[in-house]
Amino acid sequence: MEIKAEIIHNDSMAKGYFKLGLACAVPEVRPGQFVMLRVSDGLDPLLRRPFGIYRTLGQTRGRTLGTRGSSSKSKGIEVLYRVVGKGTAILSGKRPGETLGVLGPLGNGFPDRAEGSNPVLVAGGMGIAPLYLLARRLGEGTLLFGARSKAETFLLKDFRGLGLKIKTATEDGSAGIKGLVTGLLENELTPESIVYACGPVGMLKAAAAISGKAGARCLVSLERSMACGIGVCLGCAVRAKAHKEEKENRFYKMVCSDGPVFPGEEIDWDLL
Amino acid sequence: MEIKAEIIHNDSMAKGYFKLGLACAVPEVRPGQFVMLRVSDGLDPLLRRPFGIYRTLGQTRGRTLGTRGSSSKSKGIEVLYRVVGKGTAILSGKRPGETLGVLGPLGNGFPDRAEGSNPVLVAGGMGIAPLYLLARRLGEGTLLFGARSKAETFLLKDFRGLGLKIKTATEDGSAGIKGLVTGLLENELTPESIVYACGPVGMLKAAAAISGKAGARCLVSLERSMACGIGVCLGCAVRAKAHKEEKENRFYKMVCSDGPVFPGEEIDWDLL
Amino acid sequence: MGPVVKKTKAATEVTIAGLKFKNPVMTASGTFGYGAEFAPYMDLGRLGGIVVKGLSLYPRQGNPGPRIAETPCGMLNAIGLQNVGVDDFIERKLPLVRNAGTHIIANIFGETVEDYMEVARRLDGAEGVSALEVNISCPNVKKGGIVFGTDPQEAFKVVSAVRKSTSLPVITKLSPNVTDIKVMVRAAEDGGTDAVSLINTITGMVIDVERRRPVLATATGGLSGPAIRPIAVRMVWQAAQAASVPVIGMGGIMSARDALEFIIAGATAVQVGTASFIEPDAAVKVAEGLEEYLSKNETTVQDLIGSLRTA
Amino acid sequence: MGPVVKKTKAATEVTIAGLKFKNPVMTASGTFGYGAEFAPYMDLGRLGGIVVKGLSLYPRQGNPGPRIAETPCGMLNAIGLQNVGVDDFIERKLPLVRNAGTHIIANIFGETVEDYMEVARRLDGAEGVSALEVNISCPNVKKGGIVFGTDPQEAFKVVSAVRKSTSLPVITKLSPNVTDIKVMVRAAEDGGTDAVSLINTITGMVIDVERRRPVLATATGGLSGPAIRPIAVRMVWQAAQAASVPVIGMGGIMSARDALEFIIAGATAVQVGTASFIEPDAAVKVAEGLEEYLSKNETTVQDLIGSLRTA
Ligand SMILES: Cc1cc2nc3c(=O)[nH]c(=O)nc-3n(C[C@H](O)[C@H](O)[C@H](O)COP(=O)(O)OP(=O)(O)OC[C@H]3O[C@@H](n4cnc5c(N)ncnc54)[C@H](O)[C@@H]3O)c2cc1C
Ligand SMILES: Cc1cc2nc3c(=O)[nH]c(=O)nc-3n(C[C@H](O)[C@H](O)[C@H](O)COP(=O)(O)OP(=O)(O)OC[C@H]3O[C@@H](n4cnc5c(N)ncnc54)[C@H](O)[C@@H]3O)c2cc1C
Ligand SMILES: Cc1cc2nc3c(=O)[nH]c(=O)nc-3n(C[C@H](O)[C@H](O)[C@H](O)COP(=O)(O)O)c2cc1C
Ligand SMILES: Cc1cc2nc3c(=O)[nH]c(=O)nc-3n(C[C@H](O)[C@H](O)[C@H](O)COP(=O)(O)O)c2cc1C
Ligand code: FES
Ligand code: FES
């Protein structure tokens, strides 16, 4: 599952936003799953970085790479990322032809859609990335996109034409309505809605609360600093509401192996 | 003196050997001086790496760089290096257009040639690099080059036509005589000779001993792990023979600031 | 019986407290789960041993998050010793690895000497446990929270109590947060330990300067990874000089070269910790690299142990 | 006299033992020579202070080489406290920096308590020395080589002896190689110190696995650089909680962000060490970055000191 993948492309989409294509044979990817990327062969930064799988690539462009596991369904993956710190800065300097260590796909991703449910996707900024595969699979419903300003709406490009209605909210009002994306959510919900949310923690918390009030299910995709990505370091814990009936009665869930997608009501947002 | 220099070229000369051109305005360089290069902006590797200045570049090829200090004599420097570890491996992956931190020129280099002396340059492998500027300045004398095999003789290319006789010794006999370069030295020396040597420490020790026996002066260029390159960490100490007349009567000399060139008889080779 | 065939001892084989290890490379506690989690990434049988996550008498939930932070060439953790508890381990985790073809070592801890004893007792009969590793880097609740592993008398008490509670070999895992590691080695030996392992993590802290808060919810945590390796090698070297029992070395091992530093300094075996987070099969790669070094240098681990020349 | 003009205190100003520092960024002993060596690279007057290379009663030659080794995100050194001796310092080095517009702090050490006292006495009258920093991480030859800085009683002795030998402010520089730094803070305070500074280097070792020898000629050396920063921040935080005198923090500071960790943890000032080897003007850059942070956040160093919220 640890693969040295050749970089197919690593293109700037907008200032500080990049689209990274990796040639690696991966088993079927569920929407919401992620990979751990090693951005440097050196010892600093030491840990891998987690990134959602944006989409799978059927055909590798550029040179093809001899990877193991020939029964795999796709020849590569794409990741969208924003430069926020040391690791993503290093990543943004990589060029096609270089190789990166990839571990994944990891995590459980989004559960299959329940019969008759009415999907509402809620994305905050870069949080839209793990929702693309889901949107494509669903092929209907609504996508609510929140951003700081119009500049970030380029992230919506790939989502147009997938069959979802798209509504936008920006903090400065430069695109869509002025305000938070959770404002849009309130008007969108029915008890048949199923909400899929990814973005900043404040947004997720609000989405879970609003959904709960409307009697709708809400699935949130969480982010947490990770060391291993495979459930063994116990570093990426989030506080869950204790369930008496559960055998281990664990307070803590691991974002990497129990998630990264959780039912919103399972999370103890105050103790997160 | 700390300059961000743009890489003009970083070309492989042979397997594991590179020629690095840096666009940086440097004051006049004395043969035998060196620079400290920062091979990574990150924290690992932490320390700069020392490299002899192979030659100065009158004209920068490629893009020119706005550097400070306009009274400088040259617009760039060239360094020859061999990949031996982590730092040089990272360096070899750098491409033209990237920038590197350069500190220098540092150290004292070779002293001016004494009247009537007969120069004999002795180089072991990559140790030839700091001798190029010297050879060009001298324009006469003899260069004795020692290498493992013929494969390394490409290092001699720039030295041809400078006016020096060149003699080669290889360990496997694939070029020149079979044996060590110090073997050549014995036949070359007269009391008027002045020997300039750079290479592995065993070679330098032998060169100093052979020169001493022949009554010739010998100047050796030493290598030592360095942290600062400017005489303040006191990390690059070599053992010198104590001189009673010297004020501080120091046993230890700093390769970076007292050297890297020392009279062979000043070094305590057994305690080095 | 047929003729006696003299078997050549494998170059990588080592013996600790009567246990034969096919190679001296184990995984470190808390960095390899209960073992089975890593089966998809490697053949567990290639390992000298697996030290499982620290076990307590009852399940522990661990600390609130954030529990980890990256540091220059290292990481801080404050997991809070989350674990399923010794009974659940025996019932549900151990069966998954007991036939993996490697030694399973149970790392144990407690907040009182009695805790340690009871955990040791419960593991005593457990099929498939080869040895106990006693983590003494835990606060002693009865002594006002001072850490067992920083006070030689408390260390002695806990080690001798465990020693009396089990027939398994006992490895004492030492804390590096002490002035003189040799004193701790002696305390563990006096307590009857069969081996010592070190180093556990070094206490550290990272501050988020924008929020003016520690990054970890618990303020401080344990530093691990290559950043601490020079400190670990030094302590293993000091411990090996003081110890009459075998020493197991760890702290920042990322490669076979790193493992060799510890062995040459005096370690009979090594453990690979943080590296397994970055490359799940890091420990197997270390074992393979070690084999390569041995055959290239025509030597054995046995000959390398403590072979450091300092004169 | 003219009208009294109330001066606004600069946001970066701090006071330690009655000395005003224009900013809280100094250079660390042993990493900045005697100061003048760095004049070509910066305006020394931009620094809060310069702590010079450790001075002993007589000149010292230092250790044989190799004296340094690189480690992951750090370096080991065993310079052996090579220095020109206190008299030569006063005569030849001090005049070069005494008018640089920054505080010159003399770092001193000895092998006996008497050594320390005599060095302190000779510096007492020296024009241009603002304070003494007493390095207690040295082996006490009379006590069989145990380090002054790891035994609270010995630390107390040396600090109180220096205290009596000088009218200059006394800063005690603590060793991190101890179980409990708070005990050492108290010993220094009992000895009459005006401030404590920490951390000095952590003992470490690197082995050349091909030669099976330590890389350093002295086997072990002192670890510095970003690798140790989490340990240093933790110790400074602990020291600041225990101390009633100001704390000066250091260990792996490479940037203003790093310096802020120490200040928020409770340090009144910081020292930049290893970073000056990599960028000669690192300390000035730290001071500049600090100014930027303060103006961006509209705050002062004074308000940041110990502002860590842990609840
Ligand atoms: C499951 C999951 C999926 C993600 N998907 C994406 C994605 O598709 N696109 C994208 O741009 N980002 C994504 N992120 C966030 C991404 O992991 C961080 O932005 C990245 O790790 C920052 O690394 P850095 O070195 O640049 O930042 P630094 O701040 O220098 O990193 C320091 C440490 O903090 C961790 N860290 C910092 N920010 C985050 C964060 N938000 N989440 C987790 N760890 C963090 C780093 O991994 C590293 O260990 C995802 C995170 C998770 C957990
Ligand atoms: C004055 C001087 C001039 C030099 N000129 C040249 C030159 O022109 N061309 C060239 O190829 N090499 C030259 N060297 C050697 C060069 O500095 C080393 O090869 C290089 O530092 C190795 O770095 P690394 O990270 O690849 O190796 P690593 O072994 O990974 O380095 C680890 C540490 O050891 C130090 N180190 C390792 N080898 C040496 C060495 N031989 N000398 C000094 N420090 C070393 C490194 O600087 C680093 O701190 C010179 C050295 C000195 C002191
Ligand atoms: C996330 C994490 C959890 C750990 N949990 C334990 C534990 O439960 N018991 C224990 O004795 N050591 C524990 N350790 C310490 C390691 O076993 C090891 O001693 C230390 O990390 C140093 O080795 P390394 O640098 O190779 O990681 C843990 C370390 C880490 C990083
Ligand atoms: C090469 C070197 C020499 C040092 N010499 C001294 C010294 O003479 N006296 C002293 O008190 N500390 C000395 N130190 C310790 C530093 O002052 C500082 O405490 C330590 O390096 C940690 O800070 P840093 O990580 O920023 O370097 C020295 C450190 C180094 C790296
Ligand atoms: S990142 Fe290690 S358990 Fe989740
Ligand atoms: S490298 Fe620092 S003194 Fe020479």
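Convention: sequence-line order gives letters A, B, ...; per-chain numbering from 1. Keep in mind the model is a prediction, meaning the values are calculated, not measured. Computation of the quantities below employed the complete heavy-atom set of this structure, encompassing side-chain atoms and omitting hydrogens, waters and symmetry-equivalent molecules.
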query = In terms of heavy-atom pairs under 4.5 Å with chain A, which of C:Pro64, C:Gly65, C:Pro66 leads?
reply = C:Pro64
inquiry  = How long is the straight-line distance from CG of C:Leu47 back to CD of C:Gln271, given to the nearest 0.5 Å?
reply    = 11.5 Å
key: Interchain contact, C:Asn63 with chain A, by part (heavy-atom threshold 4.5 Å)   = backbone
note = Sorted by chain and residue number, the side chain to side chain donor-acceptor pair (under 3.5 Å) partners of A:Arg38 (sequence neighbours excluded) come out as C:Glu279
Working for side-chain hydrogen bond (donor to acceptor under 3.5 Å, both in side chains), residues C:Thr274 and C:Ser224 = CA-CA 7 Å; C:Thr274 302; C:Ser224 66; 2.7 Å; yes
ask   = Of all of A:Leu46, A:Val238, A:Asp44, which one pairs up most often with chain C through heavy atoms under 4.5 Å apart?
value = A:Leu46
query = Quick one: CD on C:Glu292 to CD on C:Glu288, what's the gap to the nearest 0.5 Å?
reply = 8.0 Å
note = From the list A:Met36, A:Arg49, A:Arg239, the residue making the most non-hydrogen contacts under 4.5 Å with chain C is A:Arg49
ask   = When rounded to the nearest 0.5 angstrom, what is the spacing between CG in C:Leu81 and CD in C:Gln61?
value = 13.5 Å
Chain A contact via C:Phe38 - side chain, backbone, both or neither, heavy atoms under 4.5 Å = side chain
